[in-house]
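For reference, the structure is listed below as structure tokens.
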Amino acid sequence: MKLETLEIKIPKEILLQVRKEELIKEIKFLIAMDMYDRGILSLSKAALLAEMTKEEFMEILSEYGVDIIKYPKEELEEELENLKEAK
């Protein structure tokens with residue numbers, strides 16, 4: 001897998017309070033979670049960005065209250081209507 005390097009600038013006061021590696025890991029996870037939640041990245045790609053297995057990523061997403069299964073509102077309403085008609 002080919003990797004790219006991105007550069008971000010962090011105030012030194014923050015780096016004095018947290019370990020650099022810990023901050024990088026947290027940033028990667030938060031970006032991955034946000035991009036997955038907004039539908040920009042698939043679950044697999046977001047887990048890869050967060051440097052986690054899909055299972056680990058899914059578990060933490062649920063702790064943050066992020067829906068793991070994305071079901072468009074229209075499809076859900078259609079399924080509910082089909083269930084009502086089936087009764």
Side-chain angles (χ1 to χ4, degrees):
M1 170 177 44
K2 192 172 181 178
L3 298 175
E4 293 284 333
T5 300
L6 301 176
E7 182 178 330
I8 61 171
K9 297 183 188 244
I10 305 290
K12 284 191 179 195
E13 305 86 63
I14 292 173
L15 291 176
L16 291 173
Q17 296 177 0
V18 293
R19 288 188 10 245
K20 189 178 188 179
E21 297 79 22
E22 190 177 309
L23 181 61
I24 290 168
K25 185 175 180 170
E26 185 74 16
I27 289 169
K28 284 182 175 184
F29 169 74
L30 291 172
I31 291 169
M33 179 175 63
D34 179 65
M35 293 182 86
Y36 171 73
D37 193 35
R38 292 188 294 140
I40 296 169
L41 292 179
S42 68
L43 184 65
S44 296
K45 296 288 184 188
L48 183 64
L49 175 58
E51 297 179 345
M52 298 178 176
T53 66
K54 282 196 323 188
E55 292 78 16
E56 291 170 326
F57 190 66
M58 288 168 49
E59 186 175 322
I60 295 174
L61 285 180
S62 66
E63 291 173 11
Y64 277 82
V66 175
D67 293 331
I68 295 168
I69 298 173
K70 304 290 184 183
Y71 213 132
K73 183 180 177 183
E74 298 78 23
E75 286 183 36
L76 180 59
E77 289 171 352
E78 184 179 319
E79 291 291 332
L80 290 172
E81 194 61 39
N82 290 338
L83 286 172
K84 288 178 188 175
E85 290 174 8
K87 288 184 178 182

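For Lys28, the salt bridge (charged side-chain N to carboxylate O under 4.0 Å, His left out) criterion is met by Glu51, not counting sequence neighbours. For Glu59, there are no side-chain hydrogen bond (donor to acceptor under 3.5 Å, both in side chains) partners, not counting sequence neighbours. The side-chain contact (heavy atoms from CB on, under 4.5 Å) test applied to Lys25 returns no partner, not counting sequence neighbours. Every residue was checked against the side-chain hydrogen bond (donor to acceptor under 3.5 Å, both in side chains) condition with Arg19, not counting sequence neighbours, and none meets it. With sequence neighbours left out, Glu79 forms a salt bridge (charged side-chain N to carboxylate O under 4.0 Å, His left out) with no residue at all.
If you chain together ILVMFWY residues whose side-chain heavy atoms come under 4.5 Å of each other, Leu43 ends up grouped with Phe29, Leu30, Met33, Tyr36, Met52, Phe57, Met58, Ile60, Leu61, Tyr64, Val66, Ile68. Ile14 belongs to a hydrophobic cluster whose other members, connected by ILVMFWY side-chain contacts under 4.5 Å either directly or through intermediates, are Ile8, Ile10, Leu15, Val18, Leu23, Ile27, Ile31, Met35, Ile40, Leu41, Leu49.
Under the salt bridge (charged side-chain N to carboxylate O under 4.0 Å, His left out) criterion, the residue pairs touching residues 36-50 are Asp34-Arg38, Asp37-Lys70, with sequence neighbours excluded. The side-chain hydrogen bond (donor to acceptor under 3.5 Å, both in side chains) contacts involving residues 1-16 comprise nothing, where partners must be two or more places apart or lie in separate chains. Listed by first and then second residue, the ring-ring contact (aromatic ring centres under 6.0 Å, His included) pairs involving residues 6-25 amount to none (not counting sequence neighbours).
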